[in-house]
Amino acid sequence: MEKQLDEQKIENQIYKNGDSLTSFDDFREFLSGKVKLGERLGMDEEQLANSAQKVADYLAAKEPPKNSEERLLQELWNVGTEEEQHKLAHMLVRLVQQS
């Protein structure tokens, strides 16, 4: 039930933003906003990466990439082990924190 609820929340956020995620810069801005919100809520980097991993799992399974950068991320995600995916989630969090 919790996994389904998480997927529903993720899906609502993705569709709420709709076409705003058509460019990679828009994707980074969207992710940056979510990371900043998480930081304001007191989440540490591990918690942010866990959340990013859930979103990436959803996107890789259910959303077609909207640009070549998202396609690359999706393909890397799909070939990675769970440990590699978690590291990639950390890297994505740090990427938008430094922007």
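Taken from CG in Leu31 to CG in Asp26, the straight-line distance is 12.5 Å, to the nearest 0.5 Å. In this structure, Glu39 CD and Ser32 OG are separated by 8.0 Å, a value rounded to the nearest 0.5 Å. The distance from the CD atom of Glu46 to the CD atom of Gln53 is 9.0 Å, given to the nearest 0.5 Å.
For residues 79-99, the ring pair (Phe, Tyr, Trp, His ring centres under 6.0 Å) pairs, not counting sequence neighbours, are His86-His90.
Every residue was checked against the salt bridge (Lys or Arg N to Asp or Glu O under 4.0 Å) condition with Lys36, not counting sequence neighbours, and none meets it. With sequence neighbours left out, the salt bridge (Lys or Arg N to Asp or Glu O under 4.0 Å) criterion links Glu45 to Arg94. The side chain to side chain contact (heavy atoms under 4.5 Å, CB included) check on Thr81 picks up Glu83, Glu84, with sequence neighbours excluded. Looking at residues two or more places apart in sequence or on another chain, you find no salt bridge (Lys or Arg N to Asp or Glu O under 4.0 Å) involving Glu82.
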**Message:** Between Tyr58 and Lys54, is the side chain to side chain contact (heavy atoms under 4.5 Å, CB included) condition met? List the steps.
**Reply:** CA-CA 6 Å; Tyr58 174 85; Lys54 285 181 185 180; over 6 Å; no
**Item:** Leu48 vs Gln97, side chain to side chain contact (heavy atoms under 4.5 Å, CB included): CA-CA, chis, key distance, verdict
**Value:** CA-CA 11 Å; Leu48 292 168; Gln97 285 175 325; 4.0 Å; yes
Using residues 71-79 as the side-chain source, report each donor-acceptor pair under 3.5 Å to any protein atom, sequence neighbours left out, with the distance given to one decimal.
residue: Gln74; atom: NE2; partner: Ala60; partner atom: O; Å: 3.2
residue: Gln74; atom: NE2; partner: Glu63; partner atom: O; Å: 3.4
residue: Trp77; atom: NE1; partner: Asp57; partner atom: OD1; Å: 3.0
residue: Asn78; atom: ND2; partner: Gln74; partner atom: O; Å: 3.3

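The aromatic ring centroids of Phe24 and Phe27 lie less than 6.0 Å from each other.
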